[in-house]
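To start, the structure itself, in structure tokens.
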Amino acid sequence: MELKNQTAVITGAGKGIGRAIAEALAAEGVHLGLIARTASDLESLKSELSEKYGVNVFVHAADVSARADIEAAIHTLHEQLGAIDILINNAGIGSFGKLVEMDPDEWEQIIRVNLMGAYYATRAALPFMIEQNGGNILNVASTAGERGFATGSAYCASKAGLIAMGEAVMQEVRKSNIRVVTLNPSTVNTELASNNNLPIGDEDRMMQAEDVADLAVSTLKLPTRVFVKSAGIWTTNPQ
Ligand SMILES: NC(=O)c1ccc[n+]([C@@H]2O[C@H](COP(=O)([O-])OP(=O)(O)OC[C@H]3O[C@@H](n4cnc5c(N)ncnc54)[C@H](OP(=O)(O)O)[C@@H]3O)[C@@H](O)[C@H]2O)c1
């Protein structure tokens with residue numbers, strides 16, 4: 001399916017996987033609304049993508065964990081873009097530590113950003129999709145949501161919650177021609193991984209943000225009669 005002239009809002013678009021998805025969608029001719037907290041990241045991506053691909057790019061600095069912030073961002077971007085055909089719930093943070101040792105504020109913040117943030121953004125964008133009787137929501141969860149590991153209680157819980165929320169909302173909206181897709185990457189070469197010293201195996205064979213973006217675009221290009229409910233993305237690189 002042709003994506004040209006569709007519109008997409010991407011959270012966490014300033015860096016890493018979100019940035020790579022923004023570029024991959026711009027290359028398909030998709031007009032973009034970009035969200036992250038750091039305005040300078042969004043502004044530089046906006047100039048780069050609008051110049052290189054000739055698409056409209058709007059930006060809105062917002063924290064997905066603050067409901068009023070993210071609702072305002074989604075509503076403003078909807079007005080600027082004229083529609084939201086695609087919502088990419090990608091914004092996420094990760095830090096790791098034993099359950100009893102991690103500061104409860106840090107534990108809760110991971111849930112607030114990774115799970116509540118996706119809920120707030122979905123809740124704000126979904127009525128537009130229901131009204132237009134079509135759309136795509138793509139959640140970037142993680143293999144950490146499929147299987148717990150020591151020191152990952154907050155991160156694994158946030159991603160398991162996102163996977164479950166995605167499946168539940170998918171059942172609510174599939175009859176409105178809205179597809180909800182959840183991608184579950186294992187370790188990807190981004191700041192989130194390097195800041196946490198995640199195990200990476202051979203650095204030159206690590207999965208790249210662009211690989212996840214390629215899969216995101218491929219799933220969105222499937223005929224609207226089908227969708228990928230969830231996909232694990234692994235590397236052949238032994239870790
Ligand atoms: N890297 C991996 O190994 C890996 C594996 C599986 C899944 N994932 C998931 O993939 C997603 C993207 O991760 P990444 O590796 O690309 O991370 P990254 O390079 O650290 O980029 C994260 C992006 O999200 C934004 N962000 C963080 N907190 C935010 C908030 N509260 N509100 C709005 N934006 C926020 C960041 O910008 P600001 O700081 O400016 O807001 C940044 O643009 C996350 O959901 C992550 O859990 C990553």
Side-chain angles (χ1 to χ4, degrees), residues 9-24 32-46 59-74 77 87-96 105-106 108-122 124 138-147 149 152 154-163 165-166 181-201 203 206-213 215-216 230-235 237 239:
V9 168
I10 306 170
T11 70
K15 296 192 181 79
I17 296 169
R19 188 184 169 98
I21 293 176
E23 169 137 28
L32 299 173
L34 307 178
I35 297 172
R37 289 167 304 176
T38 309
S40 54
D41 284 349
L42 299 178
E43 289 297 343
S44 69
L45 187 58
K46 173 183 168 164
V59 302
H60 200 298
D63 180 344
V64 294
S65 70
R67 182 151 68 94
D69 252 40
I70 182 67
E71 281 177 0
I74 299 265
L77 291 170
L87 170 67
I88 311 282
N89 281 317
N90 164 78
I93 54 172
S95 57
F96 302 90
D105 289 339
E106 190 178 356
E108 285 173 20
Q109 186 59 16
I110 293 170
I111 303 290
R112 265 189 227 109
V113 175
N114 297 1
L115 178 57
M116 302 305 288
Y119 159 64
Y120 297 147
T122 301
L138 192 145
N139 297 321
V140 181
S142 168
T143 48
E146 299 173 325
R147 197 181 52 174
F149 55 85
Y155 189 72
C156 295
S158 73
K159 295 299 185 180
L162 180 58
I163 293 168
M165 183 183 78
V181 175
T182 303
L183 301 185
N184 295 324
S186 59
T187 307
V188 184
N189 188 10
T190 67
E191 281 182 27
L192 187 150
S194 54
N195 290 345
N196 286 294
N197 300 312
L198 297 183
I200 58 168
E203 199 162 352
M206 255 185 109
M207 181 159 38
Q208 303 298 316
E210 291 71 23
D211 303 331
V212 180
L215 182 64
S230 69
I233 318 170
W234 290 70
T235 164
N237 182 8
Q239 294 169 15

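Counting starts at 1 for both ligands and their atoms, following the listed order. This one's a predicted model, so the numbers in the text were calculated from it and none came from an experiment.
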Is it the side chain (CB and beyond), the backbone, both or neither of Lys159 that lies under 4.0 Å from ligand 1, heavy atoms counted?
side chain

Just heavy atoms, cut-off under 4.0 Å: does Val113 contact ligand 1 by side chain, backbone, both, or neither?
side chain

Heavy-atom distances under 4.0 Å are what count here, so tell me which part of Ile17 touches ligand 1: side chain, backbone, both or neither.
both

Compile the donor-acceptor pairs under 3.5 Å between side chains in residues 34-43 and protein atoms, sequence neighbours left out, one pair per line.
from, atom 1, to, atom 2, distance (Å)
Asp41, OD2, Lys15, NZ, 3.3

Atoms of ligand 1 close to Asp63 [distance to a heavy atom under 4.0 angstrom, numbered from 1]:
30 (C), 31 (N), 32 (N)

Does only the side chain of Ala144 get under 4.0 Å from ligand 1, or the backbone, or both, or neither? Count heavy atoms.
neither

Hey, does Ser65 come in under 3.5 Å of ligand 1, counting only N/O atoms on both sides?
no

Considering only heavy atoms, does Asn90 approach ligand 1 within less than 4.0 Å through its side chain, its backbone, both, or neither?
both

In terms of residue, atom name and distance, what is the protein heavy atom nearest to atom 6 (C) of ligand 1?
Pro185 O, 3.2 Å

At a non-hydrogen distance cut-off of under 4.0 Å, which region of Ala209 contacts ligand 1 (side chain, backbone, both, or neither)?
neither

Can you sort out the partners of Glu146 under salt bridge (Lys or Arg N to Asp or Glu O under 4.0 Å), two or more places apart, ordered by chain and number?
none

Return yes if some donor-acceptor pair links the side-chain N/O of Asp63 with the main-chain N/O of Ser65 below 3.5 Å, else return no.
yes

Would you mind checking if Glu23 and Arg19 are paired as a salt bridge, meaning a charged N to carboxylate O distance below 4.0 Å?
no

